Amino acid sequence: MPREPTPPGEVLSQLLAAAEDGLVATVGPRFFGLVVGGSLPAATAADLLATGWDQCAFNAAVAPAAAAAEQVAGEWLADVLGLLEGVSVGFVTGGQAANTVGLACARHHLLAQAGWDVERDGLAGAPRVRVVACRERHATIDASLRLLGFGTSVLEPVAAGGNGAIDIADLERVLDRGRGPVLVCLQAGNVNTGACDDLRAACGLVREHGGWSHVDGAFGLWAAASPATAALVDGVELADSWACDGHKWLNVPYDSGFAFCSRPDVHAAAMSYTAAYLAGSGTGSPALGDLVPESSRRARGFAVWAALRELGRDGLARLVLRCHTLARRFASALADGGAEVANDVVLNQVLVRFGNDEQTARVIEAVQRDGTCWLGGTTWRGNRYLRIAVSNHSTTEADVDRSAAAILRCAAEVRNKVGNEAGNDVGNEVRNAAGDAPPERP
Ligand SMILES: *Cc1c(COP(=O)(O)O)cnc(C)c1O
């Protein structure tokens with residue numbers, strides 16, 4: 001911490017010089033790691049405005065324009081994502097926060113129905129809430145359960161089908177096994193395979209059991225926006241709460257996520273708080289801050305509004321379909337080149353394997369070093385894979401072809417090296433390379 005002030009221009013020069021070598025081209029068209037969208041021009045500019053305007057988007061009295069943007073963008077979002085009119089939406093930081101809000105809504109509702117005020121009395125001594133989720137749920141569901149005091153040991157796991165969606169017959173068996181309030185975590189977009197749960201069947205079962213269904217649709221919920229993929233999330237409107245990301249497939253700058261709830265009163269009851277100095281300062285009901293974990297907060301609605309306005313309904317549909325088509329193109333190019341494609345590419349995720357875990361881990365390393373494109377690895381059902389997610393609005397067929405060629409080139413190099421090493425009996429090195437692979441993040 002320097003003692004003396006520095007002129008702002010100089011500060012920025014220093015920052016640029018210091019940061020440049022540590023930046024990753026995540027907005028570029030050949031970044032296929034995690035599930036990272038790029039940033040649409042209007043959304044990026046609107047986000048810069050949000051920074052400059054520096055609104056405190058707590059309610060419509062202190063930030064009327066920010067509130068209007070969230071209201072309009074929220075209605076548009078619900079519409080394009082296939083949710084029913086009148087759902088409430090909180091603009092949050094991402095999928096993790098949105099899952100937490102959705103599960104908090106479930107906690108409030110299920111316990112209120114059982115005559116328990118969880119906001120006042122907490123979970124100690126509360127009626128037990130069953131929590132049911134697929135074995136292939138996203139890890140943030142577990143984190144949300146921890147934060148909300150459910151813990152993770154209460155989870156009753158349900159088997160996954162071939163492509164990683166929830167097994168409906170097993171869901172029914174698990175639901176029938178117990179009684180009482182039940183929260184069921186469903187998924188649109190398995191983070192490895194892109195598979196979407198059969199939401200119509202699953203939500204129907206949950207309703208029969210008087211439960212609450214929450215859909216983690218961080219990226220998969222966008223399937224609803226294109227007629228070509230909408231069938232994957234058929235029945236999505238039957239759930240009770242939903243989590244979705246803006247910074248993934250909508251191509252809004254970080255950070256941006258949405259927590260939807262079918263019952264605005266439950267949503268507000270689960271998230272709002274009152275403070276004497278805030279009383280009467282809100283003009284809408286519920287206020288923006290009543291639907292999210294944050295109190296003071298950034299005006300995220302501007303960038304979301306701008307992205308949706310820039311794309312339009314048709315542009316959004318084309319964005320989703322294009323990414324899906326490009327993911328399939330990727331998969332066939334790699335399969336033609338001798339790779340094993342493990343998943344049914346229903347959305348924008350491709351899982352690829354070269355020979356065995358060791359070789360696959362080395363191909364990932366080689367691709368990252370090569371620099372033509374970027375992708376990470378994952379472990380799915382015990383095997384190591386390259387994991388490709390196509391989520392950027394600016395990715396072209398040429399980008400995919402060039403990246404697939406680079407991956408196959410890297411794989412050939414690894415194969416040759418492994419062949420040579422086997423000849424020289426230095427296979428241990430290969431095993432270490434795989435064993436040291438870092439754990440995968442979403
Ligand atoms: C990315 C992702 C999350 C977490 O979202 P963040 O925006 O990283 O907080 C949750 N669920 C799924 C299925 C995801 O793909």
Side-chain angles (χ1 to χ4, degrees), residues 24 26 31-39 43 77 81 89-104 133-148 152 155 160 163-166 184-197 199 202 213-224 229 232-233 236 239 241-260 292-294 297-298 300 303-304 307 320 323-324 327 343 346-351 375-376 378 380 387-392 439-442:
V24 174
T26 46
F31 188 91
F32 304 111
L34 315 183
V35 187
V36 175
S39 293
L77 284 171
L81 295 174
V89 51
F91 285 64
V92 292
T93 48
Q96 173 74 80
N99 278 332
T100 306
V101 171
L103 301 192
C134 182
R135 287 191 192 280
E136 295 200 16
R137 66 191 172 274
H138 194 270
T140 50
I141 290 290
D142 296 50
S144 296
L145 292 172
R146 293 206 307 261
L147 284 167
L148 291 167
T152 50
L155 261 167
N163 204 39
I166 201 166
V184 180
C185 304
L186 302 169
Q187 184 163 259
N190 178 311
V191 79
N192 284 315
T193 65
C196 298
D197 294 349
L199 296 174
S213 21
H214 171 78
V215 178
D216 175 2
F219 66 93
L221 221 53
W222 293 105
T229 48
L232 289 169
V233 289
V236 65
S241 58
W242 304 262
C244 189
D245 264 326
H247 53 223
K248 289 180 178 169
W249 219 342
L250 185 57
N251 284 250
V252 167
Y254 283 95
D255 43 25
S256 178
F258 320 112
F260 298 94
V292 298
E294 299 85 5
R297 52 195 288 279
R298 176 178 177 75
R300 293 192 180 82
V304 177
V320 170
C323 289
H324 167 60
N343 65 320
V346 292
L347 214 49
N348 60 338
Q349 311 285 307
V350 190
L351 287 183
L375 45 77
T378 189
W380 186 58
R387 182 169 160 279
I388 295 166
V390 187
S391 328
N392 191 304
E440 179 63 5
R441 294 271 301 167

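Note that the numbering runs from 1 along the sequence shown for the chain. What you see is a predicted model, and the numbers here were worked out from it, not measured in a lab. Indexing begins at 1, ligand by ligand and atom by atom, following the structure's order.
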Those atoms of ligand 1 less than 4.0 Å from some heavy atom in Gly95:
4 (C), 5 (O), 6 (P), 7 (O), 9 (O)
Check whether any side-chain N or O of Gln187 sits under 3.5 Å from a backbone N or O of Glu136 as a donor-acceptor pair, and report yes or no.
yes
Give the single entry among Asn192, Val92, Asp216 that approaches atom 13 (C) of ligand 1 most closely by any heavy atom.
Asp216
Nearest non-hydrogen contact to atom 2 (C) of ligand 1 from the set Lys248, Arg137, Gln96 belongs to Lys248
Under 4.0 Å from a heavy atom of Phe219: give me the atoms of ligand 1 that qualify, with their elements.
15 (O)
So, does Val35 sit close enough to ligand 1 that a heavy atom of it is under 4.0 Å from the ligand?
no
Which atoms of ligand 1 have any heavy atom of Val191 under 4.0 Å away?
15 (O)
Whether Asn348 side chain and Ala389 backbone form a donor-acceptor pair below 3.5 Å
no
At less than 4.0 angstrom from any non-hydrogen atom of Gly94, what atoms of ligand 1 do you find?
7 (O), 9 (O)
With no hydrogens and no angle check, is any side-chain donor or acceptor of Trp222 less than 3.5 Å from a backbone partner on Asp245?
yes
List ligand 1 atoms under 4.0 Å from Gly189, heavy atoms only on the residue side.
13 (C)
Do the non-hydrogen side-chain atoms of Val24 and Phe31 ever get within less than 4.5 Å of each other?
yes
Name all residues meeting the ring-ring contact (aromatic ring centres under 6.0 Å, His included) criterion together with Phe258; count only those two or more places apart in sequence or in a different chain, and write none if there are none.
Phe91
Applying side-chain contact (heavy atoms from CB on, under 4.5 Å), can you list everything that pairs with Asn99, at least two apart in sequence or on another chain?
Thr140, Ile141, Ser144, His214, Asp216, Ala243
